[in-house]
Amino acid sequence: MPVVDIDTDELRGLTGRTDTTDEEFKKDLFGLGLEFEGETDDGLLQFEFAPDRLDRLSVEGVARSLRYHYGDDRGVYVPETNDAEWTIEVDESVPDERPYVTGAVIRGVDLDEGALDSLIQLQEKLHATMGRGRAKGAIGIHDLAMVKGAPLQEGAEPSISYRGVDPDGVTFVPLDANDELTPNQVLDDHATGQTYADLVEDLDRYPAIYDELGLFSFPPVINGKRTEVTTGSRELLVELTGTDQWTIDRMCSIICYALSARGATIEEVEVNYTDGATAPSEYGAELVRPNLDTDEKSVTHDRIETLLGVDFEPEEIVDCFERAGLDATYTLDEDVTYEVEIPPYRVDVLHPLDLVDDVGRAYGFDNLEPRYPDVGTVGGRHERSRLEDAVRTSLVGLGFEDLLNFHMTSGRENYDRMHVEPGTDAFGGGEPVAITEPYSEEYTQLRTWALPSLLMLLERNTHNAYPQDVAEVGFAAERDDAANTNVAERRHVAGAVARRDASYEAAKGRLQSVCDDFGADLETPRTEHPSFIEGRTAAVVIDGETVGVIGEVDPAVLVEHDLEVPVAAFEFHLDALRA
């Protein structure tokens, strides 16, 4: 989950709540879904929040949510914008792999150290979440005073251009450097260039943004030093490039709202996709940005009351929407239907259920009264749940620490670091269930097996003493066209023994004990698996059916996870233990 560093003095200034204590802020933010995680060495408070509310990636966004929470602001707010003076020309030479651009000009911004740190944090958090590590969208923020726009013709407004360049055909001085470098040299010799080289190194031409003096931005890798933003900057140029126009437009909106909260004025820019350039089909070749248009969605009164379990008057619902930063009107037909206006920074509102959630938060989930459902049956534990508890009890009795890990992961963790190829017959190698629009590159798919999660935990606990014996009974899924939903969902049992004397025998002894507890017959015929040492790996066969794998983890996989002790592990399908 994203973690945001908050300066509470900044928060007091932006909310106008100068007498609010840190403890009161913690309590209020918890009510908004932000959990306190600790403090930085500089005394900033750290809050973790669900990655759907990307508008809260900065202190300005958090302050906005608090002002609505306190009732100081109501309804939709859209910053006013001045007419465009600058133009961004998109040349046909721009690589097709990264064709889109958007932007805004910011006037009259007051950047002290706190404001600049917040802006940088917002930029990097948006890169990591919505921008998918800069692959889908990358942000460049420049001191406009250092950008010299070249008029397209005499008397015209200043213009910059987005174009493709020869990787070795031009030089510029990147941030945190003093020498002129070509884009290729940046990728080879600059620390930031090495980090993001994989985003562009396979392109014939690299993306670049030019003004009259030459290249000043090399997206999505690094900005030029000439236009570096400092506390003395009063006017900014914000440019974003990426693979999806909607995404970079929304990222731009979030930045504009944050700077508007600092008293800045937003100025439009014109984006012109020239003949031959790849223009966004849904918007056309001539755009005026930033796009601060609001959206609309509808939800019925009955749906809100049914899901929240509260009887509302329509005026109460409208009040809740306004205190959530939305506007709503309603019509009195067979059922009351609300037409809800959504500001552009709310990229999380995708479905009527999101509107119901906003009503619930504005009303206060603590104010919801629990009640028994109006049904005639008595609840009880599901058979699978009872089996899971029994297996956990068995594992804990064998000395394992019981874990509960995230079901979502990334291809890098699920496959690459385990040396497993997706779509293969190896246990855990099934086709992944991919997330269509992930908010973070760390959570792009459902895991196909649980052992990578155990190794990730061991990796994070190398500072603790050994032995470390960990286990999990958890969810896994993979693509299966034969299933009704095209997804095969299973519960897996996984265990790992990490200690200096860890061996195949240590893992098998524990696995045998689990099978004995459930009266299951265990066989372990020799097999091969890319995550385990050859000759020290076996299939898990329970009651005659192959359901898993056991062995000593390959040293190459241990190195991937910075583990310096041997690890022996097993994993199998929970259903194999059913009587």
Side-chain angles (χ1 to χ4, degrees), residues 1-80 106 108-123 125 231 234 254-266 316 318-327 343 345-346 348 357-368:
M1 297 291 186
V3 174
V4 177
D5 300 338
I6 299 294
D7 183 334
T8 49
D9 288 335
E10 290 274 313
L11 198 57
R12 291 183 185 93
L14 290 166
T15 59
R17 299 278 171 151
T18 55
D19 297 330
T20 302
T21 66
D22 287 1
E23 292 303 316
E24 288 172 327
F25 274 137
K26 291 177 188 177
K27 180 176 180 293
D28 294 337
L29 291 175
F30 183 79
L32 293 174
L34 284 78
E35 291 193 41
F36 176 65
E37 287 292 307
E39 293 188 25
T40 68
D41 294 337
D42 297 328
L44 302 181
L45 302 189
Q46 294 184 303
F47 292 91
E48 179 184 82
F49 65 98
D52 54 343
R53 288 302 299 268
L54 299 181
D55 57 298
R56 294 174 176 166
L57 287 171
S58 67
V59 65
E60 296 87 357
V62 172
R64 184 191 312 114
S65 292
L66 281 174
R67 287 183 61 82
Y68 282 118
H69 177 70
Y70 296 144
D72 297 334
D73 291 333
R74 296 177 67 87
V76 171
Y77 166 70
V78 178
E80 293 186 0
I106 311 298
V109 66
D110 184 11
L111 288 178
D112 57 16
E113 288 290 346
L116 182 57
D117 288 345
S118 179
L119 181 59
I120 293 171
Q121 176 179 234
L122 175 60
Q123 180 182 15
K125 296 295 184 181
T231 53
R234 291 295 175 264
I254 292 172
I255 293 172
C256 287
Y257 267 86
L259 292 170
S260 175
R262 296 279 182 180
T265 300
I266 312 299
E316 293 179 284
V318 172
D319 178 70
C320 287
F321 277 128
E322 291 180 350
R323 288 191 288 112
L326 312 176
D327 280 333
Y345 63 82
R346 287 295 304 274
D348 59 300
D357 181 72
D358 274 358
V359 172
R361 290 189 181 278
Y363 178 76
F365 285 126
D366 288 343
N367 296 326
L368 299 180

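The shown structure was predicted, so the numbers you read here are calculated from the model rather than taken from an experiment.
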Point-to-point distance, once rounded to the nearest 0.5 Å, from CG of L259 to OG of S58: 9.0 Å
Polar side-chain atom of E10 near backbone of D7 as donor-acceptor pair, under 3.5 Å: no
More than 12 heavy atoms of other groups within 6.0 Å of F30 CZ: no
Candidates D55, T15, L57, L29 - the one meeting side-chain contact (heavy atoms from CB on, under 4.5 Å) with V62: L29
Check: T8 side chain, L11 main-chain N or O, donor-acceptor pair, under 3.5 Å: no
Close side-chain approach of I255 to Q123, heavy-atom, < 4.5 Å: no
Sidechain N-carboxylate O distance under 4.0 Å for K26, D22: no
Counterpart residues, side-chain contact (heavy atoms from CB on, under 4.5 Å), relative to T40 (two or more places apart): D5, D42, L44, Q46
Partner set under ring pair (Phe, Tyr, Trp, His ring centres under 6.0 Å) for Y345, not counting sequence neighbours: Y257
Six-ring centre of Y68, R74 cation under 6.0 angstrom, axis tolerance 45°: no
Side chains of R17 and R12 in contact at under 4.5 Å (non-hydrogen atoms): no
For R67, side-chain hydrogen bond (donor to acceptor under 3.5 Å, both in side chains) partners two or more places apart: D73
Pairwise side-chain contact, S260 with E80, heavy-atom cut-off 4.5 Å (strictly under): no
Note: D348-R56 ion pair, threshold 4.0 Å (strictly below): no
Residue pair S118 / E60, side-chain donor-acceptor N/O under 3.5 Å: yes
Side-chain heavy atoms of L34 within contact of E48, under 4.5 Å: no
Close side-chain approach of F47 and I6, heavy atoms under 4.5 Å: yes
Check: T20 and T18 side chains under 4.5 Å, non-hydrogen atoms: no
4.5 Å side-chain heavy-atom contact, F25 and L45: no
No-hydrogen, no-angle side-chain donor-acceptor test under 3.5 Å, T231 and D112: no
